[in-house]
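One structure is given below, encoded as structure tokens.
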Amino acid sequence: MLSSMAQKLDFSKLVDAEQDRIDLFDLKADKNIVIGNKSQNLLANNVYFKLVDQLQADIVSNGTNLETNYKALIEFLKLIDRHNVYHLTVHQHAIELANKIMVLKNDAKELELLKTDLKTGILIADFINPKTYAKDYWVHVAGFYPTDLLNKFKNLAYTPIGTAVVNAVAKADPNAVKQYFGTNHLVDRALKNSKDTVVQLINTIYKTYGMQSRAYALLHYVYHKKMDLQDAETLSKNPKLFYKTLIELRKNKNILADYTVDKELQTFGMERVVEINLRHEDKEPVRFEPINNDNAIEIYTAIVYCPEEIFTSSFLGMYKRMMEKRKEASGYYFLARTNFNRFRIFIKQCAGYNKLDDFFSTMNDSQANALITMFASGLYNYGGNLGPAVDVADTYGSLENEKIKALFKKVIESEYRQTLLSKNDHGIKIYGLLSKLIGGTPEIYSSTYQFAIPNLDRVSNAELFPDSVHIQQHFFFDDEDGETAFAAWLTQYPATLYKKEDKGTYVVLKTIKGKRMEIYANKPANEIVGRADLRKYFESRNRFPDLIVHRGHSYYIENTLANMTNSNRIAILGSCGGYQNISKAMENAMDVQIVSTKQVGTLAVNSVLINETTETIRLGKDIVWVDLWKQISTKLKDNPQFKDYIPPYKNLGARFIKAYNAL
């Protein structure tokens with residue numbers, strides 16, 4: 001049996017070996033990781049050497065579960081490869097969280113900390129699994145991130161803790177586990193052998209109606225005997241009745257298949273919103289025909305489940321019909337009938353589309369106070385998901401009514417003081433930043449943090465030319481819109497200024513006048529292969545794009561986000577500027593400034609936006625967003641659709657996330 005010191009030395013060598021492997025990604029074993037520009041290299045060396053070494057020291061100092069914690073660190077490092085080594089912020093947060101667990105040595109405090117950052121907790125699962133609170137923690141996480149959790153635990157499905165996790169995921173999102181039925185995978189076996197009566201019912205649905213059934217979403221009603229399985233299957237095949245039933249089900253708290261229900265509602269909402277968007281040139285009676293037979297709550301549901309796809313004109317038309325059809329005179333009581341389902345998204349949309357005053361005009365003062373208090377309170381209760389806080393920040397940024405602004409300020413200041421009294425660190429960060437964002441001075445109550453909100457008002461030319469060349473990557477997708485956008489995009493680069501090179505699956509445009517620039521884009525028909533070829537090319541150069549542009553619908557955004565790195569200084573994401581996407585973008589590219597839109601971008605505006613941005617860079621000028629926005633507005637002759645485009649300095653949500661990550 002090895003002594004504690006011998007174990008430490010042995011495991012330390014294995015950690016060193018993993019650090020050496022990461023060091024070799026730049027083909028030099030010199031204890032100096034080079035993955036991009038100077039600041040990136042500095043951060044990479046800090047994360048993969050200094051922070052890892054500190055975690056090793058704290059594992060030893062902790063004194064308990066030495067072997068288990070060392071193995072957890074080694075397994076974490078093994079997952080770092082040439083593709084994800086650039087995701088420095090994610091890895092930094094994970095190592096720092098593991099370090100805090102080692103230092104705290106207090107189960108209650110560790111659990112409290114972990115519940116403020118569930119996604120990072122999943123990344124360091126091997127550090128958490130030996131803990132006495134692990135099972136309770138993972139059951140909690142399953143309600144927020146069932147798919148991510150299942151991916152982490154699918155190879156542990158037959159262990160005691162793994163079985164508990166699979167059961168919890170199945171209850172939250174049966175659609176996530178049903179794909180394993182009949183595969184003989186560990187998850188399949190764990191589900192079949194589960195003694196949990198809810199999981200047994202999910203297995204019965206599969207055996208009776210197969211994987212394609214949509215009755216899984218009605219699990220709550222079937223399990224609680226409010227509906228038999230055959231009726232659930234029949235009902236799920238009737239779209240109109242299924243939509244109504246899901247909306248009624250969603251009004252309840254703590255339902256089974258919670259995540260699956262939301263996904264189904266999103267699908268129904270998307271069908272309506274996309275169809276209305278497509279009819280944007282038709283007259284109103286034809287355009288809004290898809291919701292003619294929907295009641296007010298059904299229209300509301302479609303609106304709040306598709307915030308990133310809905311056109312401005314679609315929202316305004318749907319809002320108008322919703323308000324006309326509602327039975328309640330008060331908007332507050334109308335939202336109460338939905339049990340305030342996704343009401344923060346709706347309030348944010350109303351603010352963004354200048355309908356908030358209209359909606360609040362239906363309420364008396366006490367109702368308005370109650371709604372704003374509910375809207376801006378308890379933002380620390382979402383497992384580290386900053387989405388609700390971002391909704392509050394974005395909404396405040398759209399407000400013009402001074403009375404409503406004053407109500408917001410009152411609630412935010414009150415919540416900030418309350419989090420200070422309760423020593424809620426996560427809450428202190430959220431409300432301190434919100435206070436600062438709305439013009440408050442949170443530092444007078446506490447000096448724990450300096451709440452610095454970045455301006456995001458410019459990007460220097462030097463940042464965009466880190467090595468005397470500027471690189472862009474444009475992401476196109478294999479559909480009709482992608483082909484149209486790609487063809488139009490190519491015409492933006494005249495032969496007098498750019499040389500075009502066809503590389504088979506992608507094209508590159510290189511400047512022949514002005515500063516040296518290289519602009520890459522996959523061909524839409526070669527979407528997947530072209531993207532992979534470009535990734536290999538950038539990796540071989542150890543140089544990644546400074547500016548990226550997403551040229552597709554929001555359902556393609558994951559592909560673009562996965563290719564972002566800390567080299568990116570500007571990202572033009574179109575309508576994909578919601579919290580989840582901004583947060584993911586900033587995880588992968590910590591210094592990126594994001595241009596987004598309130599609705600799906602238009603070809604006319606996108607072309608001018610991209611051209612003016614690129615020309616400013618080519619001429620060696622800094623990107624000053626206020627000036628650039630004036631230039632674009634002049635070129636577009638005050639095109640009303642340009643008003644939906646949001647420059648980085650006006651994106652309060654992005655500024656909030658960046659500030660939070662810096663604390």
Side-chain angles (χ1 to χ4, degrees), residues 11-56 70-99 120 123-124 126 151-152 463 465-473 475 506 518 520 522 528-548 558-569 571 584-592:
F11 285 121
S12 183
K13 287 179 182 177
L14 293 175
V15 172
D16 290 346
E18 287 302 317
Q19 288 175 301
D20 290 342
R21 179 183 64 83
I22 295 169
D23 182 25
L24 271 169
F25 287 158
D26 61 8
L27 303 180
K28 291 180 181 178
D30 55 2
K31 301 296 182 187
N32 181 36
I33 300 171
V34 178
I35 62 171
N37 59 42
K38 187 177 179 181
S39 63
Q40 285 178 277
N41 298 337
L42 209 64
L43 181 58
N45 283 283
N46 181 60
V47 171
Y48 299 125
F49 289 138
K50 187 176 179 180
L51 288 183
V52 169
D53 289 346
Q54 182 61 53
L55 180 52
Q56 280 197 79
Y70 252 118
K71 284 182 176 178
L73 175 55
I74 292 163
E75 289 304 311
F76 175 81
L77 293 173
K78 282 181 177 178
L79 293 175
I80 297 168
D81 57 31
R82 287 186 60 85
H83 297 295
N84 65 24
V85 69
Y86 307 96
H87 297 163
L88 300 172
T89 310
V90 175
H91 295 148
Q92 179 182 358
H93 287 169
I95 296 168
E96 287 175 343
L97 186 59
N99 186 277
T120 304
L123 294 178
I124 60 167
D126 292 335
N151 287 337
K152 189 71 178 178
E463 290 178 87
F465 288 85
D467 54 2
S468 77
V469 61
H470 169 73
I471 297 177
Q472 292 184 15
Q473 183 177 6
F475 294 81
Y506 64 90
E518 299 172 7
Y520 296 83
N522 62 282
I528 297 172
V529 178
R531 211 162 47 229
D533 287 346
L534 280 169
R535 180 83 189 191
K536 289 175 188 173
Y537 172 70
F538 294 136
E539 284 177 355
S540 70
R541 279 180 66 174
N542 216 5
R543 177 70 167 85
F544 292 84
D546 308 293
L547 182 153
I548 63 122
E558 283 294 331
N559 301 291
T560 301
L561 296 178
N563 283 276
M564 291 184 70
T565 74
N566 274 311
S567 290
N568 306 148
R569 287 295 178 269
K584 182 70 175 176
M586 287 184 168
E587 283 179 3
N588 296 346
M590 61 189 297
D591 292 321
V592 72

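- Put simply, the side chain of His87 does not reach to within 4.5 Å of the side chain of Asn566, judged on heavy atoms.
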inquiry  = Run Phe49 and Ile22 through side-chain contact (heavy atoms from CB on, under 4.5 Å) and show every step you take.
reply    = CA-CA 10 Å; Phe49 289 138; Ile22 295 169; over 6 Å; no

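- Judged by distance alone, with hydrogens and angles left aside, the side-chain atoms of Asp23 form a donor-acceptor pair with the main-chain N or O of Asp30 at under 3.5 Å.
- Contact between Val592 and Ala585 at its shortest, heavy atoms only, is CG1-O, 4.3 Å.
- Looking at residues two or more places apart in sequence or on another chain, you find no salt bridge (Lys or Arg N to Asp or Glu O under 4.0 Å) involving Glu96.
- Considering only residues two or more places apart in sequence or on other chains, Asn559 meets the side-chain hydrogen bond (donor to acceptor under 3.5 Å, both in side chains) condition with Arg531.
- Taking CD1 from Ile548 and CE from Met564, the interatomic distance works out to 4.0 Å, rounded to the nearest 0.5 Å.
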inquiry  = Run Glu518 and Arg541 through salt bridge (charged side-chain N to carboxylate O under 4.0 Å, His left out) and show every step you take.
reply    = CA-CA 13 Å; Glu518 299 172 7; Arg541 279 180 66 174; 2.7 Å; yes

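- The closest side-chain heavy-atom distance from Leu547 to Arg569 is not below 4.5 Å.
- Taking Phe465 as the reference, His470 meet the ring pair (Phe, Tyr, Trp, His ring centres under 6.0 Å) condition, with sequence neighbours excluded.
- Applying the salt bridge (Lys or Arg N to Asp or Glu O under 4.0 Å) test to Glu558 and every residue at least two apart in sequence or in another chain returns nothing.
- Residues Arg543 and Val469 form a side-chain contact, since some pair of their non-hydrogen atoms from C-beta on lies under 4.5 Å apart.
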key: Trace of the side-chain contact (heavy atoms from CB on, under 4.5 Å) decision for Glu463 with Asp591   = CA-CA 10 Å; Glu463 290 178 87; Asp591 292 321; 5.8 Å; no

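- Listed by chain and residue number, Phe25, Glu539 satisfy the side-chain contact (heavy atoms from CB on, under 4.5 Å) test with Arg82 (two or more places apart in sequence, or in another chain).
- When every heavy atom of Val85 is checked against every heavy atom of Leu88, the shortest pair comes out as O-CD2, 3.3 Å.
- Proximity of Ile74 to Lys78: side-chain heavy atoms (C-beta onward) are separated by under 4.5 Å at one or more points.
- Contact annotation: the side chain of Leu51 never approaches that of Asn99 to less than 4.5 Å [non-hydrogen atoms, C-beta and beyond].
- Separating the CG atom in Asn568 from the CG atom in Asn563 is a distance of 9.5 Å, to the nearest 0.5 Å.
- Counting heavy atoms of neighbouring residues, nucleotides and ligands inside a 6.0 Å radius, atom NZ of Lys31 exceeds 12 of them.
- Residue Ala72 comes nearest to Asp126 through the heavy atom pair CB-CB, 3.5 Å, listed as atom of the first residue, atom of the second, then distance.
- Under the 3.5 Å distance criterion, the side-chain polar atoms of Asn45 are matched with a main-chain donor or acceptor of Ile33.
- Atom CG of Asn522 is separated from atom CG of Asp533 by 10.0 Å, given to the nearest 0.5 angstrom.
- Put simply, the side chain of Asp26 does not reach to within 4.5 Å of the side chain of Ile35, judged on heavy atoms.
- Looking at heavy atoms from C-beta onward, Tyr86 lies out of side-chain contact with Asn588 at the 4.5 angstrom threshold.
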key: side-chain contact (heavy atoms from CB on, under 4.5 Å) between Val34 and Asn542, worked out   = CA-CA 8 Å; Val34 178; Asn542 216 5; 4.1 Å; yes

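- Taking both residues in full, the closest heavy atoms of Ile95 and Phe76 are given as CG1-CE2, 3.7 Å, listed atom of the first, atom of the second, then distance.
- In this structure, Tyr537 OH and Gln473 CD are separated by 11.5 Å, a value rounded to the nearest 0.5 Å.
- Enclosure of atom CD1 in Ile528 is not indicated, since only 12 or fewer non-hydrogen atoms of other residues, nucleotides or ligands lie within 6.0 angstrom.
- Interatomic distance, CG of Asn46 versus CG of Asn41, reported as 12.5 Å (0.5 Å rounding).
- With hydrogens and angles disregarded, no donor-acceptor distance shorter than 3.5 Å links the side chain of Asn84 to the backbone of His91.
- Partners of Lys71 by salt bridge (Lys or Arg N to Asp or Glu O under 4.0 Å), not counting sequence neighbours, listed by chain and number: Glu67.
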request  = Verify side-chain contact (heavy atoms from CB on, under 4.5 Å) between Glu18 and Val52, making sure each step is shown before the conclusion.
outcome  = CA-CA 10 Å; Glu18 287 302 317; Val52 169; over 6 Å; no

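- Using cut-offs of 30° and 60° for the angle between ring planes, the Tyr520 and Phe538 rings count as perpendicular.
- For the atom pair CD of Gln92 and OH of Tyr48, the computed distance is 10.0 Å after rounding to the nearest 0.5 Å.
- Side-chain atoms of Leu24 and Asp20, non-hydrogen and from C-beta on, never get closer than 4.5 Å to each other.
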